Novice: 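Shown below is the structure under consideration.
Note that the structure is predicted; figures quoted are calculated from it, not measured.
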Amino acid sequence: MIHIAASIDFTKVSAEYDAYLATLCASILENTTADVTIHVFFIGTRTDDYCVRLTAMVDRYRAVLRWHEVHIDAAFMELSHIYTWTPVILNKFYFPQILLDVEKVIFFDLDVVVKRDVRELWDIPMEGYAVAGVQYANSFALNREFNSYEETHTIDKRVNGGMVIMNLAEIRRTCDLLAQAKAFVREYPDVKGVDEVLFHHLFYAKTKLLPAHCQHFLGMDGLLFDEESPAVQDAVIAMHYAYESKPFHYVNGTPDRYFWRYFKCTPFCEEHAVAEWYARVGLMRAALVNGRRHIRGFYERLRENPEIVVFGTGVFARKLVHYLGTRGIPVHAFSDNMEEHWGRQVDGLAVLSPVDGLQCGAKRIVLLGIINERNNRAVRTQFRAAGLREGIDFFDAKIIFEDIRRD
């Protein structure tokens, strides 16, 4: 029996995340002939028929779906970044005591699609290892979380939490994971990515680093999926729609075909959603063609040697600064709407408030470093309200960045 785990937050009902969980399940079951039990850990409650419909879908594949309610301990609620994402990232700490009859489990984030037989992951030897996962290609350089733990610790064996194999039997032999987690957050209440960082802290010598084909990070470091060779694309097991690359908000090229294929296998598929996505593909292609003028305008402004401010401090914005720097295009500072970032430094650059960052002038341009379509549109509106003119005072960095990648 192969055991799979996933987590969902029912305190924030989202049709998109409902679809992500169903699509994850369908992708696993469509590709795997072995017996599978899927454990869904949830917080909150549902009053509609979502759980019944998803259970019926899994039953049709002759698999088992088990629901496990988790009551998050109050100690975790003191984490300063807990609501940046959702408390369900803490659910992993409860697996050893809830799944008492399970020795090993593969955990997937909801924004993952499995495109090969999950047995390939299940059969990876785990003797002597507590966890196994894939690292970011530039884990330390581009994915630090800037908290007190990382001021004194190196995270060279930190694996991405989007797909992690947990040897529950070994974890139980090693420690009381839940108790250790509570002690850890008391010592480091400002930690981000607490599941990844704690696994690194507790299981440094018992962490197995998996090859990159086990999980491909879309929207993050490394090559774009469409830039990989056909052999590499075929070898990818889990496709992680990380950060801004969510299928309902962004067009990812070839990877989206996998998502929508499995989404159509779920009882939550709505044809209008698929049609809207294909329409968005066409619109984004047209936008990229029209964006050539936008790109030329950016490079023309560069001749004036302007002060560049990148708006956003996420992975995409930080990668943009890195790429521009390698091409001799210095960035003056970041800017961000999140007040807790103001006055701090990210990758050696100051983070300005919007009041300081969104200033018009012949000697400054702002690069919008946000890929998510919905957030991108909202910030563009914010820029215009501040008096910035697109193509003169600010430019959409996702167009510029894609152009730089192709150079």
Novice: Just to verify, which of M239, R261, E30 counts as forming a side-chain contact (heavy atoms from CB on, under 4.5 Å) with K115?
Specialist: M239
Novice: Ignoring hydrogens and angles, tell me if any N or O in the side chain of D109 forms a donor-acceptor pair with the backbone of V112 under 3.5 Å.
Specialist: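 Side chain of D109 to backbone of V112: no pair is present.
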Novice: For Y262 and S27, work out which heavy atoms get closest and say how close.
Specialist: CD1-CB, 3.5 Å
Novice: Ring pair (Phe, Tyr, Trp, His ring centres under 6.0 Å) with F268: which residues, sequence neighbours excluded?
Specialist: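 So F268 forms a ring pair (Phe, Tyr, Trp, His ring centres under 6.0 Å) with Y50.
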Novice: Does some side-chain heavy atom of F203 sit less than 4.5 Å from a side-chain heavy atom of L177?
Specialist: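 L177 reaches F203 side chain to side chain.
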Novice: Taking the side chain as every heavy atom from C-beta outward, state whether T32 and R116 have any pair of such atoms under 4.5 Å apart.
Specialist: no
Novice: Parallel, tilted or perpendicular, judged at 30° and 60°: which one describes the rings of F263 and W260?
Specialist: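 Perpendicular: the ring planes of F263 and W260 meet at over 60°.
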Novice: Regarding H216 and H240, do their side chains bring together a donor and an acceptor under 3.5 Å, going by distance alone?
Specialist: no
Novice: Do I2 and D35 have side chains that get closer than 4.5 Å, going by heavy atoms?
Specialist: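 A side-chain contact is absent here, since even the closest heavy-atom pair is not under 4.5 Å.
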Novice: Who passes ring pair (Phe, Tyr, Trp, His ring centres under 6.0 Å) against Y17, sequence neighbours left out?
Specialist: Y20
Novice: For the residue pair W67 and T55, confirm or rule out a side-chain donor-acceptor distance under 3.5 Å.
Specialist: yes
Novice: Quick one: does any side-chain atom of R364 pair with a main-chain N or O of G357 as donor and acceptor, under 3.5 Å?
Specialist: yes
Novice: Measuring from atom CZ of F42 to atom OG1 of T11, what distance do you get when rounded to the nearest 0.5 angstrom?
Specialist: 12.0 Å
Novice: Would you say CD of E16 has more than 12 non-hydrogen atoms from neighbouring residues, nucleotides or ligands within 6.0 angstrom?
Specialist: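 Yes, CD of E16 has more than 12 neighbouring heavy atoms, counting only those of other groups under 6.0 Å.
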Novice: Rounded to the nearest 0.5 Å, how far does CG of D393 lie from CG of L388?
Specialist: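 One finds 4.5 Å between CG of L388 and CG of D393.
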Novice: If you round to the nearest 0.5 Å, how far is CG of L21 from SG of C51?
Specialist: 9.0 Å
Novice: Evaluate the side-chain contact (heavy atoms from CB on, under 4.5 Å) criterion for residues T207 and R158: first the C-alpha distance (whole Å), next the side-chain angles of each, then the deciding distance (0.1 Å), finally the verdict.
Specialist: CA-CA 9 Å; T207 296; R158 176 180 174 180; over 6 Å; no
Novice: Under 4.5 Å between any side-chain heavy atoms of K206 and V131, yes or no?
Specialist: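 No. Closest side-chain heavy atoms not under 4.5 Å.
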Novice: Side chains of F383 and R389, heavy atoms from C-beta outward: is any pair under 4.5 Å?
Specialist: no
Novice: Among pairs that include at least one residue of residues 46-66, which meet salt bridge (charged side-chain N to carboxylate O under 4.0 Å, His left out), considering only residues two or more places apart or in two chains?
Specialist: D18-R46, R46-D48, R66-D101
Novice: Just verifying a value: how many Å separate D111 CG and Y241 OH, rounded to the nearest 0.5 Å?
Specialist: 10.0 Å
Novice: Could you walk me through whether D396 and R380 pass the salt bridge (Lys or Arg N to Asp or Glu O under 4.0 Å) check?
Specialist: CA-CA 9 Å; D396 190 342; R380 288 159 74 102; 3.1 Å; yes
Novice: Looking only at heavy atoms, which two atoms of A6 and F107 are closest? And how far apart?
Specialist: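 Smallest heavy-atom distance, with atoms named: CA-CE1, 3.9 Å.
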Novice: Are T266 and M57 close enough that some pair of their side-chain heavy atoms sits under 4.5 Å apart?
Specialist: yes
Novice: Do R318 and V346 pass the side-chain contact (heavy atoms from CB on, under 4.5 Å) test, and can you show the C-alpha distance, the side-chain angles, and the key distance before you say yes or no?
Specialist: CA-CA 8 Å; R318 292 157 64 189; V346 171; 3.9 Å; yes
Novice: Go through the steps for Q382 and N337 under the test side chain to side chain donor-acceptor pair (under 3.5 Å), then give the verdict.
Specialist: CA-CA 10 Å; Q382 177 185 352; N337 280 327; 2.8 Å; yes
Novice: Who passes salt bridge (Lys or Arg N to Asp or Glu O under 4.0 Å) against D117, sequence neighbours left out?
Specialist: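 Testing D117 for salt bridge (Lys or Arg N to Asp or Glu O under 4.0 Å), a comparison that skips the adjacent residues, returns none.
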Novice: Checking N160 side chain against Q135 main chain: does a donor-acceptor pair fall under 3.5 Å?
Specialist: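 No; zero donor-acceptor contacts below 3.5 Å.
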Novice: Taking all non-hydrogen atoms of both residues into account, name the closest pair between L349 and A333 and its distance.
Specialist: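 What the structure gives for the nearest pair is CB-CA, 4.3 Å.
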Novice: Can you name the nearest heavy-atom pair linking A75 to K182, along with the distance?
Specialist: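 Distance-wise, the nearest heavy atoms are CB-CG, 4.4 Å.
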Novice: Donor-acceptor pairs are to be reported for all side-chain atoms of residues 87-99 against protein atoms at under 3.5 Å, with residues two or more places apart or in another chain.
Specialist:
residue : atom : partner : partner atom : Å
N91     : ND2  : S7      : OG           : 3.2
K92     : NZ   : D195    : OD2          : 2.6
Y94     : OH   : D73     : N            : 2.9
Y94     : OH   : D73     : OD1          : 2.5

Novice: Between the main-chain N or O of L352 and the side-chain N or O of D356, is there a donor-acceptor pair closer than 3.5 Å?
Specialist: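 Checking the backbone N and O of L352 against the side chain of D356, no donor-acceptor pair under 3.5 Å is found.
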Novice: Please evaluate residues N167 and Y129 with respect to the criterion side-chain contact (heavy atoms from CB on, under 4.5 Å), reporting the C-alpha separation (whole Å), side-chain torsions for both, the decisive distance (0.1 Å), and the verdict.
Specialist: CA-CA 7 Å; N167 184 346; Y129 292 100; 5.6 Å; no
Novice: So does E307 pair up with K363, basic N to acidic O under 4.0 Å?
Specialist: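 No, this pair does not count.
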Novice: With sequence neighbours excluded, what pairs up with R186 under the salt bridge (Lys or Arg N to Asp or Glu O under 4.0 Å) test?
Specialist: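 By the salt bridge (Lys or Arg N to Asp or Glu O under 4.0 Å) rule, R186 matches no residue at all.
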Novice: Any donor and acceptor pair, going by atom type alone, linking the side chain of E196 with main-chain N or O of G161 inside 3.5 Å?
Specialist: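 Yes; judged by distance alone, with no hydrogens or angles, the pair exists.
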Novice: Looking at side-chain heavy atoms only, is the closest gap between P125 and K208 below 4.5 Å?
Specialist: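 With C-beta onward as the side chain, the pair touches.
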Novice: Could you walk me through whether I237 and Q215 pass the side-chain contact (heavy atoms from CB on, under 4.5 Å) test, one step at a time?
Specialist: CA-CA 6 Å; I237 299 174; Q215 181 185 194; over 6 Å; no
Novice: State the OG1-CG distance between T174 and L202, to the nearest 0.5 angstrom.
Specialist: 9.0 Å
Novice: Supply the atom-to-atom distance T37 OG1 to I4 CD1, rounded to the nearest 0.5 angstrom.
Specialist: 9.5 Å
Novice: Shortest non-hydrogen contact from V134 to A212?
Specialist: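 Between these two residues, the closest heavy atoms are CG1-CA, 4.0 Å.
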Novice: Using every non-hydrogen atom in the two residues, find where L121 and I165 come nearest and quote the distance to one decimal.
Specialist: O-CD1, 3.5 Å
Novice: Verify the ring-centre separation between Y188 and F184: is it less than 6.0 angstrom?
Specialist: yes
Novice: Any side-chain heavy atom of I308 within less than 4.5 Å of one from V321?
Specialist: no
